[in-house]
Undergrad: 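Take a look at this one; I'll ask things after.
For clarity, every value in this text was computed on a predicted model and none was experimentally measured.
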Amino acid sequence: MTPHVTIAASSETPAAPEGAASAGSSVARRDVLKTIAAGALAALATPYIRPASAAPSQLRALMWEGYLLPEVIAAFEEKHGVKFTPTFFDGNSEAYNKLRVGGTRDFDLVQADGFWPSLYYREKLIRTVDYAKIPATQHLFPVFKPAEFKLLTDAATGVDFGVPFCWGSYGTTYNADVVPAEKAASIELLFDPAYAGRLSTSARFEENIALAGILVATRMGTIDKPRPNGKPFNPYDLTDEELAGVEKLLIEQKPLLLTRYQDNPTLAQLLESGAVVAAPEFAQTYRLLLAKKAKGEIDTTFAHTLVPKEGGLGWVDTWLVSSGVPDGPMLDVCQSFIDTMITPETMKKVALASGCSTTIDIRSLSTPEEQALYLMDRTGELSKMYMFDQPSSTEKWERVWSRMQAA
């Protein structure tokens, strides 16, 4: 299997409306981040339209709330004489819809993950950026630099249109006192009758179907075979036969699950109590449990499979510049802000505040424990991940999920 190539190309199917693609969004990884920045800064009540000839006085960002660092923002505002105004969103679909209905005039900076920046660029919602004007990009781990990470570079022209920020995967956190490491290395663990009643998954249909799709395609032998669309295997673009296999597999999984968790605190309680011994999640619960273990608050040993042997799901959050930003002072301010946010010193704060792994190498600023906790020596595993994407047919995926629930 060569999942690395899936980082370079995606289905060009436009995203579906927010409501259609975000069922069960209460357990999105963003929910954990929200509390960090709540109340720190407020979004504008009405859109701000910047006169074309005016010098930059306001920097408007459409972003995830958990990455807001008030002290860093305040210093940037003072240095550049601009007011930073964030607007927060919960999911990529929501941000996409905001941009499509005129948001390129209302926002200067945008955040997105996975394949979404590529969609934004194809639809002319974002513009190019100049890495030479963002010197902190020199501190990117090699796997996130343009030479290796192709998702933020236009294949036809070679221009860059985004800067990687944070990353992670939808891996499996498991009770290492109960589950052998060799079992936890496979997606098969989540469908193993030996752990019936002690497994859990999230309530989100996207990750459940995509992860099951990797296993189904592996079992069917289609994961390495030519695809109908001529592209490499992508778990967000499954054939009808593969989707039928996913539906069957998810129905078989139902009696094995204790519950589908609705939020990360609930999952932490389930794992800590021993009621659940394995569940896929974004490693944030794993970090919480690991910290409790280090403090002597729990005795159980937990481990995390970042990428199962069949391949896993991953994401890379990025900073993007809206296509409404022209060359000149406003672009300079935008790129200066991105540069400020990705300096090693700021990224260390981002990691501690958000609980996310960084694309910037901050090992020299981190303890050995922090390096392990934030997966700083495991960035190479990104090549085995399939980046988060929009299902090629949201309608088909919703039908699969509905039939599974009704079975």
Side-chain angles (χ1 to χ4, degrees), residues 24 26-27 29 168-220 223 235 242 245-293 297-314 375 378 381 384-386 400-401 403-407:
S26 61
V27 294
R29 61 192 172 88
S169 82
Y170 187 65
T172 304
T173 294
Y174 63 98
N175 184 329
D177 297 333
V178 177
V179 180
E182 57 270 21
K183 279 187 173 289
S186 172
I187 301 174
E188 295 279 4
L189 170 64
L190 304 175
F191 303 89
D192 191 340
Y195 300 99
R198 306 185 71 186
L199 300 171
S200 182
T201 69
S202 78
R204 288 174 58 86
F205 76 88
E206 296 100 326
E207 286 83 17
N208 278 280
I209 292 178
L211 199 60
I214 296 173
L215 182 57
V216 166
T218 299
R219 289 179 175 181
M220 293 174 59
I223 199 163
E242 288 165 342
V246 167
E247 181 179 330
K248 181 175 182 293
L249 185 61
L250 292 177
I251 290 174
E252 292 173 355
Q253 184 191 45
K254 283 183 66 176
L256 307 181
L257 300 176
L258 176 64
T259 185
R260 294 192 190 278
Y261 64 88
Q262 293 290 331
D263 52 58
N264 288 281
T266 297
L267 176 60
Q269 292 174 2
L270 291 170
L271 287 164
E272 190 174 336
S273 69
V276 166
V277 298
E281 57 107 7
F282 295 108
Q284 290 166 320
T285 299
Y286 166 65
R287 292 188 178 104
L288 173 65
L289 295 171
L290 205 63
K292 285 191 171 186
K293 173 78 170 181
E297 296 176 3
I298 59 175
D299 295 325
T300 308
T301 299
F302 290 96
H304 184 77
T305 300
L306 191 60
V307 186
K309 64 182 183 181
E310 298 89 355
L313 306 177
L375 312 173
R378 300 178 66 178
E381 296 183 47
K384 302 175 184 177
M385 299 180 195
Y386 299 100
V400 166
W401 192 249
R403 287 196 292 261
M404 178 279 297
Q405 290 179 312

Undergrad: Asp192 side chain to Tyr195 main-chain N or O, any donor-acceptor pair under 3.5 Å?
TA: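 Here the side-chain-to-backbone pair does not exist.
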
Undergrad: Is there a side-chain contact between Asn175 and Leu271 (heavy atoms, below 4.5 Å)?
TA: no

Undergrad: Is any side-chain N of the basic residue among Glu188 and Lys309 closer than 4.0 Å to the acidic one's carboxylate O?
TA: no

Undergrad: Show your reasoning for whether side chain to side chain donor-acceptor pair (under 3.5 Å) applies to Glu310 and Ser186.
TA: CA-CA 7 Å; Glu310 298 89 355; Ser186 172; 2.4 Å; yes

Undergrad: Between Val307 and Gly312, which heavy-atom pair has the shortest distance, and what is it?
TA: CG1-N, 3.5 Å

Undergrad: What I'd like to find out is whether the side chain of Leu289 reaches to under 4.5 Å of the side chain of Lys293, using heavy atoms alone.
TA: no

Undergrad: Please report the shortest heavy-atom distance between Asp177 and Thr300, naming the atom on each side.
TA: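 Between these two residues, the closest heavy atoms are OD2-CA, 3.5 Å.
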
Undergrad: Within the distance-only criterion (no hydrogens, no angle test), does the side chain of Thr305 pair as donor or acceptor with the backbone N or O of Ala184 below 3.5 angstrom?
TA: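 Between the backbone of Ala184 and the side chain of Thr305 there is a qualifying donor-acceptor contact (under 3.5 Å).
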
Undergrad: What's the verdict on side-chain contact (heavy atoms from CB on, under 4.5 Å) for Leu199 and Phe191, showing C-alpha distance, side-chain angles and the deciding distance?
TA: CA-CA 9 Å; Leu199 300 171; Phe191 303 89; over 6 Å; no

Undergrad: For the rings on Phe282 and Tyr170, is their centre-to-centre separation under 6.0 Å?
TA: yes

Undergrad: Side chains of Arg219 and Leu249, heavy atoms from C-beta outward: is any pair under 4.5 Å?
TA: yes

Undergrad: Search all heavy atoms of Pro280 against all heavy atoms of Leu211 and return the closest pair with its distance.
TA: CB-CD2, 4.3 Å

Undergrad: Please find the pair of heavy atoms, one from Arg198 and one from Gly274, that lie closest to each other, and give the distance.
TA: NH2-O, 3.3 Å

Undergrad: Would Lys384 and Leu306 count as a side-chain contact (heavy atoms from CB on, under 4.5 Å) if you check the C-alpha gap in whole Å, the side-chain angles of each, and the deciding distance to 0.1 Å?
TA: CA-CA 10 Å; Lys384 302 175 184 177; Leu306 191 60; over 6 Å; no

Undergrad: May I ask you to decide if the ring planes of His304 and Tyr286 are parallel, tilted or perpendicular, using 30° and 60° as cut-offs?
TA: parallel

Undergrad: Compare every heavy atom of Pro193 with every heavy atom of Leu256, then report the nearest pair and how far apart it is.
TA: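 Residues Leu256 and Pro193, closest heavy atoms: CD2-CA, 3.8 Å.
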
Undergrad: Quick one: OG1 on Thr218 to CD on Glu242, what's the gap to the nearest 0.5 Å?
TA: 9.5 Å

Undergrad: Measure the CG-CD1 distance between Leu288 and Ile298 for me, rounded to the nearest 0.5 Å.
TA: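 It is 8.0 Å, given to the nearest 0.5 Å.
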
Undergrad: When you compare the side chain of Phe205 with that of Val400, does any pair of heavy atoms fall below 4.5 Å?
TA: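 They are not in side-chain contact.
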
Undergrad: In a check of side chain to side chain contact (heavy atoms under 4.5 Å, CB included) between Asn208 and each of Leu190, Val246, Thr201, which one passes?
TA: Thr201

Undergrad: Which atom pair, heavy atoms only, marks the closest approach of Tyr261 to Ser202?
TA: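 Scanning both residues completely, I find the closest heavy atoms to be CE2-N, 3.4 Å.
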
